[in-house]
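This report refers to the structure that appears directly beneath it.
Atoms within a ligand are numbered from 1 in the order they appear, just like the ligands themselves.
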Amino acid sequence: MLDGKKVLYSGMQSTGTLQLGNYLGALKNWIELEEDYQCFFCVVDMHSITVRQDPAELRKKARALLTLYIAAGLDPEKNCIYYQSHVPAHAELSWILNCYTYMGELNRMTQYKDKAAKHSSNINAGLFTYPVLMAADILLFQTDLVPVGSDQKQHLELTRDVAERFNSIYGDVFTIPEPYIAKAGARIMSLQEPSKKMSKSDENVNGSIYLMDDPDTIVRKFKRAVTDSDNEIRYSDDKPGIKNLIDIYAAATKKTASEIEAEFASSGYGDFKLAVAEEVIKMLRPIQERFADLSKDKAYIDSIIKNNGEKAAYYANKTLRKVQKKVGFPERIR
Ligand code: ATP
Ligand code: LTN
C-alpha cells in the first residue's frame, strides 16, 4: 500500500516502436487501471541491452516510449513514469535476488529459450538473468498488481517464487504481486505468421501494426494478413489468422467474439479485414496526434523524466535498504 492505495507496476522495453500487441495486451489496460492504484510505469532500458542495441537509437527509442506512455493517456502527474536506468536500486536489488534464484528456474523460462535461439551469437548472461531484473523492478515497489500480456505470466510466477523464498527466510520483506492479464488482447499474434506473437523486434514489418503506422499502412497490412481460405468469420483455434483478427477487433471495440461472429455472419474476409483496420485507425489516431504535440515540448518531457526518476528512486531505496539490512550488509555510517 502506498498513500492508502494498492501499488501497480509495469514496464516495457525500449527495443523498438510499440506494436498493437503492446497496446492491447498491456498499455491500454494500464490506462483503465490507473485511477484505482498508485502506479509506476517504467521504460525498462536496462532490459533492452540484453539484445545488442545501437546507443543513439536506444536513447531515442527510450524517450519515444516514455512520451508514448503519456500520449496513450497515462497521467505523468499522478503516475510515476520513469527510466529504469535512472534508478540504480534496480541493479542493486537484482544482484541480491540473483543469489536467491536457481539456475534451474531460469533455464525453464520460455522467453529466454526463444531469445537465445533468435540471438544465437549473443547468448549473454543478462539474457539469462533477465527475469531476475524484472523481479527486482516489481519487488522494489512493494507491488500488488502487474498488468502484462500473457507472454509474461511465467516471469511473474518466478517473481512470486523468489519473493516467497526471500520472505520465508527473512520475514515479510516483499509484497507478493499478482499478475493482471486481461482476456481481450492478452496475446496478439503476427499478421503474417499467426502462430507467433506480434513482436516489436520482428524483422518482418508486415506482421506488426506499429502504433505510429499511418492509415494507409494499417489498411495495407490488414489486407495482407494471412488467413485460411474458407471465407467464414468464426472464432476457432483451427483458424488462427481469423481468430487473431477477431481478437484485435474485440479488444478495440470491447465486443465479444460471438457478437463479432454475428455482426459479420454474411461478410467475407475482405470486408472484415477493412472493418478491423478502420477500428484500429480510429483507436490510434488520438494517440498519434498527442504524441506529435508532446514530442515538440522538450522541457515538459525533461521535467517528467527528472521528477519521476527522483520519486521512483525514493520509494525503491526504501525497500533496498531494508533488504540490504536483512541479508547482512554493514550499516551505512552517516
Ligand atoms: P520485443 O519484441 O522487443 O521482445 P515485445 O514486443 O515482445 O518486445 P515487450 O517490451 O517485451 O514487447 O512487452 C511489453 C508488454 O507488451 C508486456 O506486458 C507484454 O506482455 C506485452 N506484449 C508484447 N507483445 C504482445 C502481444 N503480441 N500480445 C499481447 N501483449 C503483448
Ligand atoms: N519483461 C517485460 C518488461 C518488464 C516488466 C517489468 C513488465 C520488465 N520489467 C516489470 C512488468 C513489470 C516484457 O514485457 N518483456
Side-chain angles (χ1 to χ4, degrees), residues 7-30 33 39-53 58 61-62 65 68-69 72 82-85 87 90-91 93-94 97 109-112 114-116 118-119 126-127 129-141 143-160 177-205 207-211 244 247-248 250-251 312 316:
V7 176
L8 181 151
Y9 190 98
S10 202
M12 287 195 200
Q13 299 187 72
S14 41
T15 39
T17 327
L18 285 206
Q19 37 84 9
L20 201 55
N22 300 133
Y23 182 66
L24 297 177
L27 191 47
K28 190 162 173 276
N29 301 316
W30 302 358
L33 291 163
C39 300
F40 294 85
F41 298 114
C42 188
V43 172
V44 295
D45 49 355
M46 288 161 67
H47 278 103
S48 305
I49 63 163
T50 52
V51 169
R52 203 68 76 225
Q53 304 289 337
L58 180 62
K61 283 174 184 161
L65 179 55
L68 195 53
Y69 282 179
Y82 74 103
Y83 291 137
Q84 186 185 33
S85 64
V87 179
H90 287 268
L93 182 63
S94 182
L97 296 181
M109 296 293 121
T110 54
Q111 180 178 297
Y112 168 68
D114 291 348
K115 294 222 167 172
K118 202 165 155 196
H119 305 278
L127 199 59
T129 59
Y130 176 114
V132 184
L133 177 58
M134 177 162 163
D137 300 343
I138 296 167
L139 299 177
L140 270 178
F141 294 89
T143 302
D144 295 283
L145 196 70
V146 186
V148 280
S150 62
D151 60 307
Q152 295 301 310
K153 189 164 175 255
Q154 203 185 22
H155 288 165
L156 250 297
E157 279 158 9
L158 179 76
T159 302
R160 288 167 58 91
E178 295 288 338
Y180 176 94
I181 298 167
K183 272 207 185 75
R187 194 169 165 84
I188 302 297
M189 311 309 276
S190 157
L191 299 184
Q192 289 298 312
E193 287 176 77
S195 58
K196 244 177 54 181
K197 85 168 181 117
M198 193 180 279
S199 153
K200 60 178 129 66
S201 53
D202 190 345
E203 49 293 339
N204 185 352
V205 294
S208 304
I209 301 287
Y210 301 105
L211 298 200
N244 189 37
D247 276 332
I248 294 172

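The aromatic rings of Tyr9 and Phe40 sit parallel to each other, their planes meeting at less than 30°, with 60° as the upper class boundary.
Here the protein heavy atom with the shortest distance to atom 3 (O) of ligand 1 is Thr15 OG1, 2.7 Å. The protein non-hydrogen atom at the shortest distance from atom 1 (N) of ligand 2 is Tyr130 OH, 2.7 Å. Looking from atom 13 (O) of ligand 1 to the surrounding protein, the closest heavy atom is Asn22 ND2, 3.7 Å. Of all protein heavy atoms, the one closest to atom 9 (N) of ligand 2 is Asp137 OD2, 2.6 Å. The nearest protein atom to atom 14 (C) of ligand 1, hydrogens excluded, is given as Met12 CG, 3.3 Å; this is a heavy-atom distance. The nearest heavy-atom contact from the protein to atom 1 (P) of ligand 1 is Ser201 OG, 3.4 Å. Of the protein's heavy atoms, Gly11 O, 3.6 Å lies nearest to atom 3 (C) of ligand 2. The protein non-hydrogen atom at the shortest distance from atom 19 (C) of ligand 1 is Asp151 OD1, 3.4 Å. Among all non-hydrogen protein atoms, the one lying nearest atom 2 (O) of ligand 1 is Ser199 OG, 2.4 Å.
Of all heavy-atom pairs between Ser48 and Leu58, the closest is CB-CD1, 3.8 Å. The heavy-atom pair separating Val7 from Phe141 by the smallest distance is CG1-O, 3.6 Å.
Distances between N or O atoms of Pro147 and those of ligand 1 include no value under 3.5 Å. At a 3.5 angstrom cut-off on N or O pairs, Gln152 counts as close to ligand 2. Between Met198 and ligand 1, at least one N/O pair is under 3.5 Å apart. Polar contact check, Asp151 against ligand 2: no nitrogen or oxygen pair lies under 3.5 Å apart.
Contact check for Ser94 versus Thr129: no side-chain heavy atoms found under the 4.5 Å cut-off. Within the 4.5 Å cutoff, the side chain of Ile248 has heavy atoms near those of the Leu191 side chain. In this structure the side chain of Leu27 never reaches within 4.5 angstrom of the side chain of Asn22, judged on heavy atoms. Val51 places none of its side-chain heavy atoms less than 4.5 Å from the side chain of Thr15. Looking at heavy atoms from C-beta onward, Ile181 lies in side-chain contact with Val148 at the 4.5 angstrom threshold. Side-chain contact between Met189 and Ser195 is absent, with no heavy-atom pair separated by less than 4.5 Å.
Both the backbone and the side chain of Ile188 come within contact range of ligand 1, each with a heavy atom under 4.0 Å. Counting heavy atoms under 4.0 Å from ligand 1, residue Val148 touches it through both backbone and side chain. Of the heavy atoms in Leu133, none comes closer than 4.0 Å to ligand 2. Looking at Met189 against ligand 1, nothing comes within 4.0 Å, counting heavy atoms.
Within ligand 1, counting atoms from 1 as listed, the ones closer than 4.0 Å to a heavy atom of Lys197 are 5 (P), 7 (O), 23 (C), 24 (N), 27 (N). In summary, the atoms of ligand 2 found under 4.0 Å from a heavy atom of His47, numbered by their order in the structure, are 8 (C), 9 (N). The atoms of ligand 1 that sit less than 4.0 Å from any heavy atom of Ala26 are 15 (C), 16 (O), 18 (O). Set against the non-hydrogen atoms of Gln13, the atoms of ligand 1 under 4.0 Å away are 4 (O), 10 (O), 11 (O). Heavy-atom contacts of Val148 reach the following atoms of ligand 2: 7 (C), 11 (C) (cutoff under 4.0 Å). Every atom of ligand 2 with a heavy atom of Tyr9 under 4.0 Å away is listed here by number and element: 10 (C), 12 (C). For ligand 2, the atoms sitting less than 4.0 Å from at least one non-hydrogen atom of Val146 are 11 (C), 12 (C), numbered in the order shown with element in parentheses. Against a heavy-atom cut-off of under 4.0 Å, Gln13 is close to the following atoms of ligand 2: 15 (N).
Proximity of a side-chain donor or acceptor of Arg187 to a complementary backbone N or O of Gly149 within less than 3.5 Å is not detected. Between the Ser208 side chain and the Asn204 main chain, no donor and acceptor come within less than 3.5 Å of each other. Distance alone, capped at 3.5 Å, places no donor-acceptor pair between the Gln84 side chain and the His90 backbone. A donor-acceptor contact shorter than 3.5 Å is absent between the side chain of Thr143 and the backbone of Pro177. Although no hydrogens or angles enter the test, the distance criterion places no donor-acceptor pair under 3.5 Å between the side chain of Ser85 and the main chain of Asp45.
Residue Tyr130 is tested with Lys115, His155, His47, Gln13 for a side chain to side chain donor-acceptor pair (under 3.5 Å); the sole match is Gln13.
Here atom 4 (O) of ligand 1 lies nearest to Lys115 when heavy atoms of Lys200, His47, Lys115 are compared. Counting heavy atoms only, Gly21 comes closest to atom 31 (C) of ligand 1 of the residues Gly25, Ser208, Ser150, Gly21. Within the set Gly149, Ala186, Ala182, the minimum heavy-atom distance to atom 29 (C) of ligand 1 is found for Ala186.
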Begin from the C-alpha positions of Asp151 and Gln111 and carry the test side chain to side chain donor-acceptor pair (under 3.5 Å) through to its verdict. CA-CA 8 Å; Asp151 60 307; Gln111 180 178 297; over 6 Å; no
